[in-house]
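Structure first, commentary second.
Remember, it's a predicted structure, so these values are computed and weren't measured experimentally. The sequence lines fix the lettering, A, B, ..., with proteins before strands; numbering per chain opens at 1.
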Protein chains: 2
Amino acid sequence: MDDGATATARGRDTYRHGGLREALVEAGVELAREGGPAAVVLRETTRRAGVSPNAAYRHFADRDALLHAVSDTCLGFAADRIEAEFDAHPSTGDDVADARMMLRAVGLGYIGFAREEPGLFRTAFSVPDNLQRAADPSKAGRRGRTPFQLVGIALDALLEAGVLPPDRRPNAEFLAWATVHGLGMLVIDGPLRGLDDRMIAFATERLLDMVDRGL
Amino acid sequence: MDDGATATARGRDTYRHGGLREALVEAGVELAREGGPAAVVLRETTRRAGVSPNAAYRHFADRDALLHAVSDTCLGFAADRIEAEFDAHPSTGDDVADARMMLRAVGLGYIGFAREEPGLFRTAFSVPDNLQRAADPSKAGRRGRTPFQLVGIALDALLEAGVLPPDRRPNAEFLAWATVHGLGMLVIDGPLRGLDDRMIAFATERLLDMVDRGL
DNA sequence: TTCCCTTGTGGACAGCGTACACATCACGCA
DNA sequence: TGCGTGATGTGTACGCTGTCCACAAGGGAA
């Protein structure tokens with residue numbers, strides 16, 4: 001089983017690690033889960049991977065590059081959480097209701113991720129990004145789609161179902177995303193911190209109503 | 001003029017600084033302006049205030065307490081920017097139009113601040129907060145009102161003008177705030193980074209339309 | 001088999017936050 | 001007026017961090 005080329009973090013028998021990059025990202029994700037982006041510290045990451053600090057420099061230019069990789073992975077987790085919300089609301093046959101529910105599911109998954117994994121959520125969005133990279137495969141979840149793409153898919157469904165007027169479709173991602181992203185931030189770090197589940201669920205529902213009405 | 005009790009940063013003639021706390025916050029704000037919250041580094045802050053690193057501990061429990069104070073000041077600047085947007089759109093006499101414009105002005109000021117002072121914007125929201133402290137005077141601008149309170153004032157105007165149904169008024173702050181805050185984040189750090197002014201102005205307008213329609 | 005290039009190690013350095021002991025002085029009380 | 005005392009600033013030190021450099025190990029290609 002353990003052929004040295006697939007050595008796990010603890011107990012490597014060869015000189016080479018055989019997957020250090022992945023191990024470092026994994027350790028970084030664990031640190032991010034516990035303490036957010038600031039906790040993704042190069043030395044501790046390498047320590048957890050059972051390797052000397054400098055080994056990281058064979059795979060990442062610097063600490064920031066490591067954090068980027070961790071952040072991308074976190075975005076993938078966010079995508080997974082949203083896809084899970086899709087699965088929780090299967091098709092009903094009514095195209096309009098389905099499309100509406102799909103956009104809602106994006107919002108619910110997004111906020112759910114922020115609440116369940118605040119450290120990963122913060123890390124996912126702690127790193128500057130731009131539109132060109134928003135669909136980069138390294139940010140995708142298990143089904144190969146990034147959170148940004150999932151918003152787009154939901155909006156396309158609304159368009160095809162005739163709910164969203166065609167002239168409103170372009171760039172609608174920004175509006176939908178900004179809205180749920182803002183709520184996510186407010187819930188974990190902002191003034192909405194510490195509100196109980198019911199209050200937050202209520203705020204989420206009203207926010208999603210607003211998007212539905214106003215998009 | 002320089003009586004030792006109001007010593008400015010450079011060239012203190014007494015043993016006591018005579019306003020070190022303020023000087024530290026000021027230096028911290030400058031650092032935040034240049035490099036965001038991460039740049040607010042205790043040692044460099046004290047250096048700029050012309051004082052030894054440990055002197056800061058007479059006024060702040062630790063670096064985090066200093067960052068909090070800087071962050072509060074930044075929130076005050078955000079409030080100032082929003083108030084400036086109020087001033088730029090004086091009353092027309094039409095209560096409905098005025099109230100609508102007021103909420104728009106909050107959004108415009110918010111996004112304006114994010115774009116003009118990204119470092120201060122990031123710093124303002126880099127620190128965990130909660131609802132109880134959202135109206136704390138230390139976060140207020142020159143006119144004594146915090147950004148959170150300004151959103152509330154705009155919504156109250158919408159209520160009184162009959163635009164916002166009374167049953168939708170409670171907690172509407174969260175919706176309005178989350179929306180513009182999300183756009184702000186996306187614009188400075190997120191996928192909307194690097195878009196030109198026209199694109200961002202367009203996105204802002206559409207976002208505010210959405211709030212107006214959907215609140 | 002030999003060589004080389006990739007990967008990991010060890011040591012060093014500057015900068016950071018911060019604890020502890022000490023210096024300095026403004027002010028209130030005798 | 002002089003003195004003590006508490007608030008404020010200094011100096012030194014420690015462990016942590018990111019990162020540079022020279023070196024070691026060893027798998028794969030020639």
Side-chain angles (χ1 to χ4, degrees), chain A residues 2-28 31-32 34-71 123 126-127, chain B residues 2-28 31-32 34-71 123 126-127:
Chain A
D2 189 349
D3 60 4
T6 59
T8 48
R10 56 190 62 264
R12 140 182 60 129
D13 50 355
T14 61
Y15 177 75
R16 304 293 179 99
H17 183 286
L20 181 51
R21 194 196 146 89
E22 290 68 24
L24 287 173
V25 170
E26 204 171 319
L31 288 168
E34 298 161 17
V40 181
V41 156
L42 192 145
R43 285 179 108 106
E44 176 63 21
T45 308
T46 55
R47 217 170 282 139
R48 294 199 179 193
V51 97
S52 87
N54 283 332
Y57 287 90
R58 300 297 168 192
H59 301 274
F60 301 99
D62 53 17
R63 186 234 170 202
D64 204 57
L66 167 65
L67 183 59
H68 259 82
V70 172
S71 165
T123 306
S126 68
V127 125
Chain B
D2 188 350
D3 61 6
T6 59
T8 47
R10 57 189 62 262
R12 136 183 62 128
D13 48 358
T14 62
Y15 176 74
R16 303 295 180 94
H17 183 285
L20 182 51
R21 194 197 146 90
E22 289 70 25
L24 289 173
V25 171
E26 206 171 316
L31 288 168
E34 298 161 16
V40 182
V41 157
L42 193 143
R43 285 179 107 106
E44 176 62 20
T45 307
T46 55
R47 216 171 284 139
R48 294 198 180 195
V51 100
S52 85
N54 282 334
Y57 288 89
R58 300 297 169 191
H59 301 273
F60 301 100
D62 52 17
R63 186 234 168 201
D64 204 58
L66 168 65
L67 183 60
H68 259 81
V70 172
S71 164
T123 307
S126 67
V127 123

Inset, instruction - Indicate yes or no for a side-chain donor-acceptor contact from A/Ser71 to the backbone of A/Leu67 under 3.5 Å, with no hydrogens or angles considered. - result: no
Inset, instruction - Mark up nucleotides 15-25 of chain C, 5' to 3', with B wherever a protein heavy atom is under 4.0 angstrom from a base atom, S wherever such an atom reaches only the sugar-phosphate, and - elsewhere. - result: -BBBBBB-BBB
Legend entry - Pairwise side-chain contact, A/Arg48 with A/Leu24, heavy-atom cut-off 4.5 Å (strictly under): no
Legend entry - OP1 or OP2 of D/dG9 under 4.0 Å from side-chain N/O of B/His59: yes
Inset, instruction - Provide the closest heavy-atom pair for A/Val41 versus A/Ala38 in the form atom of the first, atom of the second, distance. - result: CG2-O, 3.7 Å
Inset, instruction - Can you see which heavy atom on A/His17 is nearest to which on A/Ala23, and at what distance? - result: CE1-CB, 3.7 Å
Inset, instruction - Write down the distance between NE2 (A/His68) and C1' (D/dG18), rounded to a whole number of angstrom. - result: 17 Å
Legend entry - Whole angstrom value for the distance that separates P of D/dG18 from CZ of A/Phe60: 14 Å
Legend entry - Atom pair distance, as rounded to whole Å: CG in B/Leu20 and P in C/dA26: 16 Å
Legend entry - Flag side-chain contact, heavy atom, 4.5 Å: A/Phe60 against A/His68: no
Inset, instruction - Determine whether more than 12 heavy atoms belonging to other residues, nucleotides or ligands lie under 6.0 Å from atom CD of B/Glu44. - result: yes
